[in-house]
Participant: 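I'd like to ask you about the structure that follows.
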Amino acid sequence: METEAAAYCRLFKAALVFTHSREDVEDLWRINAETRRRYDLTEVHVADLVQSVRQHLETLRKREIRGA
């Protein structure tokens with residue numbers, strides 16, 4: 001059975017897909033700060049989220065370069 005923390009991480013990553021700029025990603029991270037504190041996220045959960053954010057930002061950066 002999936003824990004609440006794991007479910008939150010999965011949903012956060014799903015929401016990340018719908019961000020289209022660095023500002024959107026930063027807003028999503030900031031808005032969810034309180035939610036992250038409510039769940040008992042382990043260091044592994046947080047590291048996974050941070051890695052997902054970094055990968056998404058890199059994808060957005062590459063799109064910008066191709067579009068420029």
Side-chain angles (χ1 to χ4, degrees):
M1 180 170 208
E2 186 174 46
T3 65
E4 284 186 331
Y8 168 77
C9 291
R10 186 173 43 78
L11 290 172
F12 181 87
K13 289 181 199 179
L16 192 60
V17 172
F18 294 99
T19 61
H20 300 291
S21 70
R22 181 175 193 85
E23 292 79 18
D24 290 346
V25 173
E26 290 169 354
D27 287 346
L28 180 65
W29 187 258
R30 188 183 74 255
I31 290 167
N32 280 278
E34 182 61 34
T35 304
R36 284 193 306 278
R37 282 191 287 273
R38 266 188 259 147
Y39 290 99
D40 188 22
L41 298 183
T42 65
E43 288 182 25
V44 173
H45 288 121
V46 174
D48 183 38
L49 290 177
V50 169
Q51 181 63 28
S52 294
V53 167
R54 286 182 179 154
Q55 287 174 341
H56 190 66
L57 288 172
E58 181 63 20
T59 300
L60 291 174
R61 188 184 69 76
K62 287 177 182 177
R63 284 183 194 156
E64 264 183 24
I65 290 171
R66 282 192 303 241

Participant: Rounded to the nearest 0.5 Å, how far does CZ of Arg61 lie from CZ of Arg66?
Facilitator: 10.5 Å
Participant: Evaluate the side-chain proximity of Trp29 to Thr19: yes if any heavy-atom separation is below 4.5 Å, no if none is.
Facilitator: no
Participant: Which atoms form the tightest heavy-atom contact between Asn32 and Leu28, and what is the distance?
Facilitator: ND2-O, 2.8 Å
Participant: So, do Val46 and Arg36 sit near enough that their side-chain heavy atoms are less than 4.5 Å apart?
Facilitator: no
Participant: Does atom CD of Glu4 have more than 12 heavy-atom neighbours from other groups under 6.0 Å away?
Facilitator: no
Participant: Roughly how far, to the nearest 0.5 Å, is OG1 of Thr59 from CZ of Arg54?
Facilitator: 14.0 Å
Participant: Using a 6.0 Å cut-off, check whether atom CD of Glu58 has over 12 heavy atoms from anything other than its own residue.
Facilitator: yes
Participant: Specify the closest pair of heavy atoms between Arg22 and Leu57, including all atoms of both residues, with the distance to one decimal.
Facilitator: NH1-CD1, 3.7 Å
Participant: Is there a path of hydrophobic side-chain contacts, each under 4.5 Å between heavy atoms, that joins Val50 and Phe12?
Facilitator: yes
Participant: For the residue pair Leu41 and Ala5, what are the closest heavy atoms and their distance?
Facilitator: CD2-CB, 3.4 Å
Participant: Using side-chain heavy atoms (C-beta onward) and a distance below 4.5 Å, is Ser52 in contact with Leu16?
Facilitator: yes
Participant: Run the numbers on Arg10 and Glu2 for side-chain contact (heavy atoms from CB on, under 4.5 Å), then give the verdict.
Facilitator: CA-CA 10 Å; Arg10 186 173 43 78; Glu2 186 174 46; 2.9 Å; yes
Participant: Quick one: does Tyr39's side chain get under 4.5 Å of His45's, heavy atoms only?
Facilitator: no
